[in-house]
Amino acid sequence: MVWDTRVTWWENGTWVFSREITPTYRGFSSFFGFYGRCNDYFSHRTQDGDLGMITPPMIGRDLQMNEGTNLRAAHSEFGQYSTRLYMKRATEIIDSHNFTSKPLFLYFSLPNVHTANSLDPVQAPESTETLFKHIWHPLRRKYVANAFEMDVAVRQVMQSLRKRGVLDNTVVIFSSDNGGAANGWDGSWGSNFPLRGVKALYFEGGVRVPAFVWGNLFKPRSGQVSKDLMFITDWLPTLYEAAGGNVEDLGNINGYSMLEVLTGKTKTSPRTETLLNIDPVRGTKAIRVGKHKYILNPLNLHDPDYDYWFKAPGNLPYTTEAMLPNTTPSQIWCGDIPTNISLKCHSELTGLFECIYDIENDPCEYYNLVDYPEYQEVKVKLLERVAYWETQQVEPLIPPSDFWANPKYHNWVWEPWRESAQIPPNPSELLSN
């Protein structure tokens, strides 16, 4: 089966140093978006180094319009809100596609609600922000407006599919890539409450994300909330099987097809554990096996103030958004934050910053079970699984910054700057060549 594969926005970090790493060299027919990490929604400039990684920071235009091997930067869209540009491009692809000759895979990855840059982190059109003038906190107001723009874009894409008459034969997947940046993290004001923590931490607020699947394929489970364990690597085999492929053709991969679970053909998920991370640089480890999660050094190199539960700012100064527990099946509510126990991720027995949580019964991660006698056997099993994955891990390669990437050498545009996709074996070559 031949597919037409399109992508709008592609966050691959600013190490897109070779054409071979760009989307149209990795299977997509076309690409419209940016290569970098944080992109201004209006000027479409990407700045690298605003977190002190590179001094002085590199900055340049980063809005790409690629067709096949033709890579070019788009320049005429300056000042236009990027989400609306991606929405327009997505609807153009749908409107012009010949669905009778080949199916369409559209990777519609919006930047919302990612921060734009350190100077103006949360961005939305003023007309949209005005719709939420009742929210007193200026960045929370912009954040909500930014999320609203995402909703509008998704609605428009759905309407375009309906207009073409293909919606009944379409699989729609909506998912975030990580938990929200809350309480000023990265200058943003999302909320993961009542889940603990923020983006970049391994508490549930950082790793559990909103997601849903939609389409006739999933009608047997329409309206149901799945509590099955699923990881991002499971999407590849799931989508491959949904499109008619044989998952065995994918070889030895880490993902599982969840198609039978999502369509109601089976009630048991093939996934029983998820390795959240092993970071040998920071000394952080996190894994979930069954209902139990183990974390070591969750705050290493992170502000300890973000190891908490953050409600979003409310409509009036010094208030928070009202919570309406148990109003939808997908909601999580664990009651008020306990005040009579230690909430720290720390073991008095080992002296380590480690914790174990029962995620099924305590999804808000109030109760650290690491020192409980009845959970020592659980801890042993969790550490055995961490040890196994450490044997499978390859040593991370962290080369120095390649200053030839600087847009000032490329007419102030971010673009691939090396012929080969191979990182030089001697990192010093990055600076000498």
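Scope of the values below: all heavy atoms of this structure, side chains included, with no hydrogens, waters or symmetry mates.
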Starting at [atom1] of [X], measure out to [atom2] of [Y] and round the result to the nearest 0.5 Å.
X: Ile287; Y: Asn277; atom1: CD1; atom2: CG; answer: 11.0 Å
X: Leu217; Y: Leu259; atom1: CG; atom2: CG; answer: 5.5 Å
X: Ser109; Y: His114; atom1: OG; atom2: NE2; answer: 10.5 Å
X: Asn216; Y: Thr263; atom1: CG; atom2: OG1; answer: 13.0 Å
X: Phe203; Y: Leu195; atom1: CZ; atom2: CG; answer: 12.0 Å
X: Arg61; Y: Glu415; atom1: CZ; atom2: CD; answer: 13.0 Å

Considering all heavy atoms, the nearest [X]-[Y] contact:
X: Ser176; Y: Val209; value: O-CG2, 3.6 Å
X: Gly187; Y: Leu139; value: O-CD1, 3.7 Å
X: Ile21; Y: Arg26; value: O-CD, 3.1 Å
X: Trp235; Y: Leu262; value: CZ3-CD1, 4.4 Å
X: Ser191; Y: Arg140; value: N-NH1, 4.1 Å
X: Glu354; Y: Leu296; value: CB-CD1, 4.0 Å

Quiz: residues 219-232 side-chain donor-acceptor pairs under 3.5 angstrom, not counting sequence neighbours:
{"from": "Arg221", "atom 1": "NE", "to": "Gln224", "atom 2": "OE1", "distance (Å)": "2.8"}
{"from": "Arg221", "atom 1": "NH1", "to": "Val261", "atom 2": "O", "distance (Å)": "2.8"}
{"from": "Arg221", "atom 1": "NH2", "to": "Gln224", "atom 2": "OE1", "distance (Å)": "3.4"}
{"from": "Ser226", "atom 1": "OG", "to": "Asp228", "atom 2": "N", "distance (Å)": "3.3"}
{"from": "Ser226", "atom 1": "OG", "to": "Asp228", "atom 2": "OD2", "distance (Å)": "2.7"}

Using a strict cut-off of less than 4.0 Å between a Lys/Arg side-chain nitrogen and an Asp/Glu carboxylate oxygen, indicate whether [X] and [Y] qualify as a salt bridge.
X: Arg89; Y: Glu67; result: yes
X: Asp40; Y: Arg45; result: no
X: Asp95; Y: Arg164; result: no
X: Glu129; Y: Arg141; result: yes

Could you give the side-chain donor-acceptor pairs of residues 236-255 under 3.5 Å, partners two or more places apart or in another chain?
{"from": "Thr238", "atom 1": "OG1", "to": "Asp234", "atom 2": "O", "distance (Å)": "2.6"}
{"from": "Thr238", "atom 1": "OG1", "to": "Met258", "atom 2": "N", "distance (Å)": "2.8"}
{"from": "Glu241", "atom 1": "OE1", "to": "Ser257", "atom 2": "OG", "distance (Å)": "2.4"}
{"from": "Asn246", "atom 1": "OD1", "to": "Glu248", "atom 2": "N", "distance (Å)": "3.0"}

Is there a donor-acceptor contact under 3.5 Å from the side chain of [X] to the main chain of [Y]?
X: Asn406; Y: Lys408; result: yes
X: Asp62; Y: Gly36; result: yes
X: Arg19; Y: Thr69; result: yes
X: Asn66; Y: Arg72; result: yes
X: Asn368; Y: Cys345; result: no
X: Trp389; Y: Leu275; result: no
X: Trp309; Y: Cys364; result: yes
X: Asp362; Y: Tyr366; result: yes
X: Glu204; Y: Glu365; result: no
X: Asp186; Y: Ser188; result: no

Between [Y] and [X], is there a side-chain heavy-atom distance shorter than 4.5 Å?
X: Pro111; Y: Tyr86; value: yes
X: His44; Y: Asn39; value: yes
X: Asn192; Y: Phe310; value: no
X: Pro407; Y: Met58; value: yes
X: Trp214; Y: Met158; value: yes
X: Ser43; Y: Phe78; value: yes
X: Arg208; Y: Ile359; value: yes
X: His97; Y: Lys102; value: yes

Item checked: Criterion side chain to side chain donor-acceptor pair (under 3.5 Å) on Tyr357 and Arg196, from CA distance to verdict -> CA-CA 12 Å; Tyr357 298 103; Arg196 182 177 188 169; 2.9 Å; yes
Side chains of [Y] and [X]: any donor to acceptor distance under 3.5 Å?
X: Glu149; Y: Thr128; value: yes
X: Asn112; Y: Thr83; value: yes
X: Tyr202; Y: Asn297; value: no
X: Arg271; Y: Tyr256; value: no

How about Trp185 and Tyr306: are their ring centres within less than 6.0 Å of each other?
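Ring centres of Tyr306 and Trp185 closer than 6.0 Å.
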Problem set entry | Close aromatic pair by centroid cut-off 6.0 Å: His137 and Trp189 |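 That pair passes the under 6.0 Å test.
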If you count the non-hydrogen atoms of other residues, nucleotides and ligands that lie under 6.0 Å from [atom1] in [X], is the total more than 12?
X: Glu126; atom1: CD; answer: no
X: Lys293; atom1: NZ; answer: yes
X: Asp120; atom1: CG; answer: yes
X: Phe353; atom1: CZ; answer: no

- Sequence neighbours excluded, which residues qualify as side chain to side chain contact (heavy atoms under 4.5 Å, CB included) partners of Ser76?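 Result, side chain to side chain contact (heavy atoms under 4.5 Å, CB included) vs Ser76: none returned.
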Using 30° and 60° as the class boundaries, would you call the ring planes of Phe42 and Tyr81 parallel, tilted or perpendicular?
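It falls in the tilted class, 30° to 60°.
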Parallel, tilted or perpendicular: rings of Phe148 and Phe132 (30°, 60°)
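The rings of Phe132 and Phe148 stand perpendicular, inter-plane angle above 60°.
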Can you tell me which residue among Thr284, Val207, Leu299 is in a side-chain contact (heavy atoms from CB on, under 4.5 Å) with Leu201?
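Running side-chain contact (heavy atoms from CB on, under 4.5 Å) over Thr284, Val207, Leu299 with Leu201 returns exactly one hit, Leu299.
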